[in-house]
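Reading through the structure tokens given below for one structure.
Counting starts at 1 for both ligands and their atoms, following the listed order. Keep in mind it's a predicted model, so treat the numbers as computed, not measured.
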Amino acid sequence: MSRGGPSGVQSTPGSRVYLDHNATTPVRDEAIQAMEAALHRAWGNPSSVHAEGMAARAVVENARAEIAALLGAEPDEVVFTAGATESNNTAIRGCAQAVACPGSLVTSAAEHPSVDAPLAALEAAGWRVTRVPVDADGLLDAEAVAAALAPDTALVTLLWGNNETGVVQPLARIAERVRERGVPLHVDATQCVGKLPIELGLLPVDLLSLSAHKLGGPKGAGCLVVRRGLACAPLLLGGPQERRRRGGTENVPGIAGLAAACALAARELPERISRWGELRDRLWDGIQAKIPRVRRNGSAEHALCNTLNVEIEGASGEVLVQALDLEGIAASTGAACASGSVHPSHVLEAMGRSAAAARSSLRLSVGHGVDEAAIDFVLAVLPDLVARAREVPN
Ligand SMILES: Cc1ncc(COP(=O)(O)O)c(C=O)c1O
């Protein structure tokens, strides 16, 4: 589809404008090449002791080292999974299972469903779950997290960079306060990897989740970093793989693609932060200049470089997403898994926004392949689409 849809506004013809990088990212060429090479030449079972198996094992172990280097972790702390949902489930259920009887778990009121759902399941099984509120900017207070800790707290689990708003929590301060109390801390860093520096050598975090498809890698691959010595029972039983932390034959091509995406992230990080930040700011400046009655959701100061969440008073986010799509622009109302659902975003509601306000929100997330011309095209068509969406009863 070419840019320049029903509104008649023309831009560079050719590709669509993809502003939904927090839902998933286009797979980078380097990741595709690494996966192809693994499929062709490393198809053996990494647990086999023959040459075919050893070729696959080499891919897996090189990938482990690459990912550990990006995060400042040790290679033997990286446990490959099928993505961040599995990593989050493993961290939460695994740490809960590692203690003798149900106690308490601490989280925030603005988590991803892959954290909320396992916590709710544990709550139903007798655990107490404390959900620390976020403020109007979506930020957590480190002291409030510390105050929620109890002698029987088995785990604190927090989203570092919010997928809907881009709000980045003050993790260093929180981690310090949690460590003082000797409680393990899990962070979902899925939206942070490749968008901000991560140095686990300096950050007292015990478990960290990430997903390949959010950073230019394939879907169905990710990892959980488990710091040495931490008790975390495996979620998947049935094999000794991943040092008995995750049963099942490793997804060798997926792991190769994840490692290639991590290598790119390490190389490109400073440029991404400045470039994506400029594009996001250009978008927000333009929206503010051209569209009345808009507000930005979430802290602008503590934000992922690529994410903009805008509330457009009187317009339905769902209507806007559909109208933008017809113009060749991909955007979202919030979490991809919540799109199309009638429920307003629980993240925005946790920040004190009304259900109506939350339904009027649009998430625009930039990334690889987005340029100034693409942003200007969005700014050229959006005011008209908003004016029309405001006429639709909400
Ligand atoms: C913050 C966050 N955590 C977890 C996930 C789940 O990741 P995956 O699709 O790899 O299971 C996502 C993606 O939707 C996410 O944005």
Side-chain angles (χ1 to χ4, degrees), residues 18-27 31 67 71 78-93 107-120 134 138 140 157-169 171 185-196 198 205 207-225 235-236 246 248 250-251 253-255 257-259 261-262 265 297-298 302-309 330-341 345-348 350 363-367:
Y18 185 75
L19 295 187
D20 203 12
H21 286 79
N22 284 13
T24 196
T25 56
V27 186
I67 294 157
L71 302 173
V78 174
V79 178
F80 289 115
T81 65
T85 299
E86 185 191 323
S87 298
N88 289 344
N89 272 265
T90 304
I92 293 164
R93 303 186 84 116
T107 189
S108 88
E111 294 294 312
H112 189 270
S114 59
V115 162
D116 281 334
L119 287 175
V134 293
L140 278 167
T157 174
L158 296 173
L159 183 49
W160 188 355
N162 191 285
N163 47 301
E164 294 188 40
T165 59
V167 170
V168 176
Q169 299 300 343
L171 188 62
L185 172 62
H186 165 245
V187 294
D188 180 350
T190 303
Q191 295 291 346
C192 297
V193 182
K195 298 177 194 162
L196 54 81
I198 297 177
V205 160
L207 302 121
L208 179 143
S209 301
L210 65 85
S211 178
H213 77 98
K214 307 287 183 177
L215 71 149
K219 287 152 194 67
C223 72
L224 177 66
V225 176
L235 187 68
L236 299 187
R246 199 262 190 184
E250 296 88 342
N251 170 8
I255 289 168
L258 168 61
C262 285
N297 285 318
H302 304 283
L304 293 172
C305 58
N306 78 322
T307 310
L308 181 63
N309 189 307
S332 160
T333 53
C337 25
S339 289
S341 86
S345 153
H346 73 288
V347 171
L348 297 177
R363 180 185 71 181
L364 303 159
S365 46
V366 306

- Between Ala84 and ligand 1, which part of the residue brings a heavy atom under 4.0 Å of the ligand: side chain, backbone, both or neither? both

- In ligand 1, the atoms that come under 4.0 Å of a heavy atom of Thr85 are 6 (C), 7 (O), 8 (P), 11 (O)

- Task: Considering the heavy atoms of Asn163, write down every atom of ligand 1 situated less than 4.0 Å from one of them.
- Result: 1 (C), 16 (O)

- Message: Using modelled atom types and a 3.5 Å cut-off, is there a donor and acceptor pairing between side-chain atoms of Ser345 and backbone atoms of Leu348?
- Response: yes

- Looking at Ser114, which atoms of ligand 1 are within less than 4.0 Å of one of its heavy atoms? 4 (C)

- Check each atom of ligand 1 against the heavy atoms of Leu159 and keep those under 4.0 Å away; list them by number with element. 1 (C)

- Per-atom filter on ligand 1: closer than 4.0 angstrom to a heavy atom of Lys214 are 12 (C), 13 (C), 14 (O), 16 (O)

- So, the side chain of Gln169 versus the backbone of Leu140: is there a donor-acceptor pair under 3.5 Å, distance only? yes

- Message: Please tell me whether Ser87 and Thr81 have a donor and an acceptor in their side chains that are separated by less than 3.5 angstrom.
- Response: yes

- Asn88 side, atom CG; Asp116 side, atom CG - distance, nearest 0.5 Å: 10.0 Å

- One should read off an interatomic distance between Leu304 CG and Ser365 OG, to the nearest 0.5 angstrom, of 9.5 Å

- Query: Looking at ligand 1, does Gly222 have a heavy atom less than 4.0 Å from it?
  - Reply: no

- Message: Below 3.5 Å, N or O to N or O, backbone or side chain included: is there any such pair between Asn22 and ligand 1?
- Response: no

- Item | Flag, side chain of Thr307 to backbone of Gly166, donor-acceptor distance under 3.5 Å | no

- Item | For ligand 1, the portion of Lys219 having any non-hydrogen atom under 4.0 Å away | neither

- Message: Quick one: does any side-chain atom of His346 pair with a main-chain N or O of Glu111 as donor and acceptor, under 3.5 Å?
- Response: yes

- In ligand 1, the atoms that come under 4.0 Å of a heavy atom of Gly83 are 10 (O)

- Item | N or O contact, Glu86 vs ligand 1, cut-off under 3.5 Å | no

- Exam field: side chain Arg246 to backbone Cys223, donor-acceptor pair closer than 3.5 Å: no

- Task: Report, in ascending order of atom number, the atoms of ligand 1 lying under 4.0 Å from any heavy atom of His213.
- Result: 8 (P), 9 (O), 10 (O)

- Note on the structure: Within 4.0 Å of some non-hydrogen atom of Ser211, the atoms of ligand 1 are 8 (P), 10 (O)

- Exam field: side chain Asn309 to backbone Glu164, donor-acceptor pair closer than 3.5 Å: yes

